[in-house]
> 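First the structure, then my questions, so here it is.
Just so you know, residue 1 is the first one in the sequence shown, and it goes up from there.
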Amino acid sequence: MGDSAVATSQPLAAQAGMAMLHAGGTAVDAAIAAAMVLTVVEPTGCGLGSDGYALVWDGAELHGLNASGRSPEGWTPERFAGADIMPQRGWDSVTVPGAVSGWIALWRRFGTLPLEQLAAPAIRIAEEGFPVSPVIAKLWANGAKQLGSQPGFAGCFLHGGTAPLAGQRMRLPGHARTLRAIVATEGEAFYRGEVAEVIAAAAKANGAVLSVDDLAAHEAEWVAPISTEFAGYRIHEIPPNGQGLGALISLGVLDRLGWKDGAPDDPATMHLAIEAVKLGLVDAYEHIADLGHMRHTPADFLTPDYLAKRAALIDPSKAGDPGHGTPKLGGTVYLSTADRDGRMVSFIQSNFMGFGSGAVVPDWGISMQNRGAGFSLDPAHVNVVAPRKKPFQTIIPCFATDAKGQPAMSFGVMGGPMQAQGHLQMALRVLGFGQNPQAAADAPRWRVTAGRGVAIESTFDEGLAAQLTTMGHELKRESPDAVFGFGGAQLIQRTDAGYVAGSDPRKDGLALAF
């Protein structure tokens, strides 16, 4: 507990964020420094070619930032004709990377320390090297098996031809080179300068159509958060193209059920939570796309009438397999920071699947995300691929305010489709039942899969699992190595006595408060 706090998925990133707070910086300064370090020490989940999103409490109000990129101008449906799904790896899965623009937008609006000071820890760690942490070493090895042949990957990430072992020192000099260019030009080089030119050249050399014009057209967007009530709090998410709307639907549905009668690990409570998540996810996958292409507004899904109708579909004693509703017409890293002046940041950035596309810009250390894989090739779907369009994205930061509109908690859970589900589980435990953030992060999690399927962690209580099975849930206990399947959580809760932080042991996480 303390007057300031930082919670990240990697100790070196947490230390970088805390160093900015000690230097007199804000929670935003701390978040940017930590985010930069994470691209170095956790490249399995993010990189300089990531996308990002943030929710920022500036001491008086909440702001949303969408720093995700659009598809190249050349991505017409005809380009992918004959394919069943979008390319999952390689340069033809790469959309314009937005994370760098997010760092700059945050710094220009809310930062107080010089940009070179914020980037200094990441540059130093990239140049001097860092010991690879245990969980990241496992994910690195998995990435090497899948992506070692992708252009630029081995030269950047497989020194000597192999993935680093836990504890082995790793240097990423190209990464430092790019960070220096970002600092020197306040991000302009990345989108409208030397770095943009080498990104576009690498894309062209590998048959892709991402161009300097696509990069130059990109801007991070400040957006109004969307929200719903849960447990007497208001839960806030970034509006689509992310899946935050799915989390809000799930929470809004659950709040209309009898969860308050139990406890977080009661089978009746968990059953209702699982069923609420199913409804949120099927709506998300059917309706979420680039906001300008959606047929319904986010608000249409969050009306009391719509949420009540969806909640009425849930049988309190039996697992279901619901379809989506339709309103009436009308690989990721997460971090949280807070400072002594009341500012709080909920921030997430990701390359999507482990190491993203696998494509890396030679000599510059820019590992590109594969967010294009999130598009549909169904011409009738709102998320169908099209030029200069944002794809459906899984990464979402979350924020809670209390009944008086004051900040209550900044939190997030990493890991693809686990994220919306993790938001509900963290909100239920901390805000609903009063668990402390670390206890909530430590608790075994579940993940809805398909139909009545539910994946559970290896540490999940056997008696609880048996009771859920009798209710019709088809449980699959995953191995202890299935770390990323259940994400990694970071939380900072604001209390009358100060900030209480929690960080997930599943991902070498660290929470610091002072």
> In the structure I gave you, are the side-chain heavy atoms of W107 and L118 within less than 4.5 Å of one another anywhere?
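Side chain of W107 against side chain of L118, heavy atoms only: contact under 4.5 Å found.
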> Using the side-chain hydrogen bond (donor to acceptor under 3.5 Å, both in side chains) rule, take H423 and E237 through it: C-alpha gap first, then chi angles, then the decisive distance, then the call.
CA-CA 10 Å; H423 286 192; E237 300 272 1; 2.8 Å; yes
> With a 4.5 Å cut-off on side-chain heavy atoms, are F460 and L468 touching?
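L468 vs F460: side chains touch.
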> Which atom pair, heavy atoms only, marks the closest approach of L215 to P97?
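Looking at all heavy atoms of both residues, the shortest contact is CD2-CD, 4.0 Å.
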> Please check if the distance between the ring centroids of W222 and F110 is under 6.0 Å.
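Close enough - the centres of the two rings lie under 6.0 Å apart.
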> So, for C398 and Y334, which heavy atoms are closest and what is the spacing to 0.1 Å?
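It is O-OH, 4.2 Å.
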> Begin with the C-alpha distance, continue with both residues' side-chain angles, and end with the deciding distance and a verdict on salt bridge (charged side-chain N to carboxylate O under 4.0 Å, His left out) for R70 and D290.
CA-CA 9 Å; R70 298 181 180 274; D290 188 334; 2.9 Å; yes
> Under 3.5 Å, is there a donor-acceptor pair between the D51 and Q349 side chains?
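Short answer, no.
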> Using 0.5 Å steps for rounding, measure from the OG1 atom of T449 to the CD atom of E478.
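Reported value, rounded in 0.5 Å steps: 8.5 Å.
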> Ignoring hydrogens and angles, tell me if any N or O in the side chain of Q243 forms a donor-acceptor pair with the backbone of G416 under 3.5 Å.
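Checked: pair present.
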> Taking G246's backbone N and O only, do any of them form a donor-acceptor pair with S250's side chain (distance below 3.5 Å, no angle check)?
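Yes.
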> Please report whether the ring centroid of F433 lies less than 6.0 Å from that of W259.
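Yes, the ring of W259 comes within the 6.0 Å limit of the ring of F433, centre to centre.
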> What I want to find out is whether E229 reaches R234 closely enough, with some N-O distance under 4.0 Å, to be called a salt bridge.
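Yes.
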> Does any non-hydrogen side-chain atom of R256 lie less than 4.5 Å from one of L307?
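They are in contact (side-chain heavy atoms under 4.5 Å apart), so the answer is yes.
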> Start with the C-alpha distance between M426 and R445, add both sets of side-chain angles, then the distance that settles side-chain contact (heavy atoms from CB on, under 4.5 Å), and finish with yes or no.
CA-CA 10 Å; M426 295 302 107; R445 293 199 275 272; 3.7 Å; yes
> Do I492 and V500 pass the side-chain contact (heavy atoms from CB on, under 4.5 Å) test, and can you show the C-alpha distance, the side-chain angles, and the key distance before you say yes or no?
CA-CA 6 Å; I492 297 178; V500 180; over 6 Å; no
> Begin with the C-alpha distance, continue with both residues' side-chain angles, and end with the deciding distance and a verdict on side-chain hydrogen bond (donor to acceptor under 3.5 Å, both in side chains) for N241 and N66.
CA-CA 9 Å; N241 56 320; N66 183 329; 3.0 Å; yes
> Assess whether side-chain hydrogen bond (donor to acceptor under 3.5 Å, both in side chains) is satisfied between N383 and S376, documenting all intermediate values.
CA-CA 6 Å; N383 187 43; S376 171; 5.8 Å; no
> Out of curiosity, K260 NZ to L272 CG, how far, rounded to the nearest 0.5 Å?
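Reported to 0.5 Å precision, the distance equals 13.0 Å.
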> So which atom in Y191 and which in A99 form the shortest heavy-atom distance, rounded to 0.1 Å?
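For Y191 and A99, the tightest heavy-atom pair comes out as OH-N, 4.2 Å.
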> Taking W446's backbone N and O only, do any of them form a donor-acceptor pair with Q425's side chain (distance below 3.5 Å, no angle check)?
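Here the side-chain-to-backbone pair exists.
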> What distance separates H271 NE2 from T470 OG1, expressed to the nearest 0.5 Å?
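So the NE2 of H271 and the OG1 of T470 are separated by 10.0 Å.
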> State whether the number of non-hydrogen atoms from other residues, nucleotides or ligands found under 6.0 Å of Q406 atom CD is greater than 12.
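Counting other residues, nucleotides and ligands, CD of Q406 exceeds 12 neighbours.
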> Any side chain to side chain donor-acceptor pair (under 3.5 Å) pairs touching residues 110-123, not counting sequence neighbours?
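For residues 110-123: D29-T112.
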> Could you pull out the closest heavy-atom pair between S503 and T8, with the gap in Å?
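Smallest heavy-atom distance, with atoms named: OG-O, 2.8 Å.
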> Mind checking the CD-CD1 spacing from E188 to I182? Nearest 0.5 Å is all I need.
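It comes to 11.5 Å.
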> Taking the side chain from D339 and the backbone from M344, do they hold a donor-acceptor pair closer than 3.5 Å?
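Not a single qualifying donor-acceptor pair exists.
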> Taking only residues two or more places apart in sequence or in another chain, which ones pass ring pair (Phe, Tyr, Trp, His ring centres under 6.0 Å) with F347?
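Expected list: none.
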> Using modelled atom types and a 3.5 Å cut-off, is there a donor and acceptor pairing between side-chain atoms of E42 and backbone atoms of T44?
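Checking the backbone N and O of T44 against the side chain of E42, no donor-acceptor pair under 3.5 Å is found.
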> Please tell me if the side chains of D283 and E286 come closer than 4.5 Å, counting only heavy atoms from C-beta onward.
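Side-chain contact under 4.5 Å: no.
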> To the nearest 0.5 Å, tell me how far I249 CD1 sits from L281 CG.
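Answer for the CD1-CG pair, I249 versus L281, is 9.5 Å.
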> Within the distance-only criterion (no hydrogens, no angle test), does the side chain of Q421 pair as donor or acceptor with the backbone N or O of P417 below 3.5 angstrom?
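Present.
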> Considering the options R494, R343, R340, which one meets the salt bridge (charged side-chain N to carboxylate O under 4.0 Å, His left out) requirement together with D3?
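Of all the options given, the one that passes is R340.
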> Is a donor on one side and an acceptor on the other found under 3.5 Å between the side chain of T459 and the backbone of P444?
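No; judged by distance alone, with no hydrogens or angles, the pair does not exist.
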> Under 4.5 Å between any side-chain heavy atoms of V333 and S350, yes or no?
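No; the side chains remain at least 4.5 Å from each other.
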> Please work out which of the three classes, parallel, tilted or perpendicular, describes the rings of Y285 and F392, given edges at 30° and 60°.
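Perpendicular, since the angle between the ring planes exceeds 60°.
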> Would you say M20 and V6 make side-chain contact, with heavy atoms under 4.5 Å?
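When only atoms from C-beta onward are counted, V6 and M20 do not touch, as no gap falls below 4.5 Å.
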> Is the closest side-chain heavy-atom distance between T394 and R371 below 4.5 Å?
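Yes, their side chains come closer than 4.5 Å.
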> Can you see whether D315 engages S317 through a side-chain donor-acceptor pair at a distance of less than 3.5 angstrom?
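Side-chain D/A pair, D315 to S317: present.
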> For the ring pair H22 and F514, is the centre-to-centre distance below 6.0 Å?
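Yes, they do, as the ring centres are separated by less than 6.0 Å.
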> So, D266 side chain and A268 main chain: donor-acceptor pair closer than 3.5 Å or not?
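No, the answer is negative, given that no donor and acceptor are paired below the 3.5 Å cut-off.
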> For a quick test of reading the model, state the closest non-hydrogen atom pair linking A489 to A441 and the distance between them.
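Closest approach of A489 to A441, heavy atoms only: CB-CB, 4.3 Å.
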> Is K390 salt-bridged to E221, going by a charged N under 4.0 Å from an acidic O?
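So K390 pairs with E221 through a salt bridge.
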> Given 3.5 Å as the limit, does a donor-acceptor pair link the side chain of S133 with the main chain of V135, or not?
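Here the side-chain-to-backbone pair does not exist.
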> For the backbone of G472 and the side chain of K318, can you confirm whether one donor and one acceptor N or O come within less than 3.5 Å of each other?
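A pair under 3.5 Å: no.
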> Please report the interatomic distance OG1(T469) to CD(E474), rounded to the nearest 0.5 Å.
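The distance works out to 9.5 Å.
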> Mind checking whether D504 and V413 have side chains closer than 4.5 Å, heavy atoms only?
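With C-beta onward as the side chain, the pair stays apart.
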> Less than 4.0 Å between a side-chain N and a carboxylate O, is that true for E186 and R108?
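A salt bridge links R108 with E186.
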> How far apart are the closest heavy atoms of N351 and S50, and which atoms are they?
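Nearest heavy atoms, N351 then S50: OD1-OG, 2.7 Å.
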> What orientation do H296 and H287 show, parallel under 30°, tilted 30 to 60°, or perpendicular over 60°?
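Answer is perpendicular, since the angle exceeds 60°.
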> Does D321 pair with K278 as a salt bridge, N-O distance under 4.0 Å?
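No, no charged N to carboxylate O under 4.0 Å.
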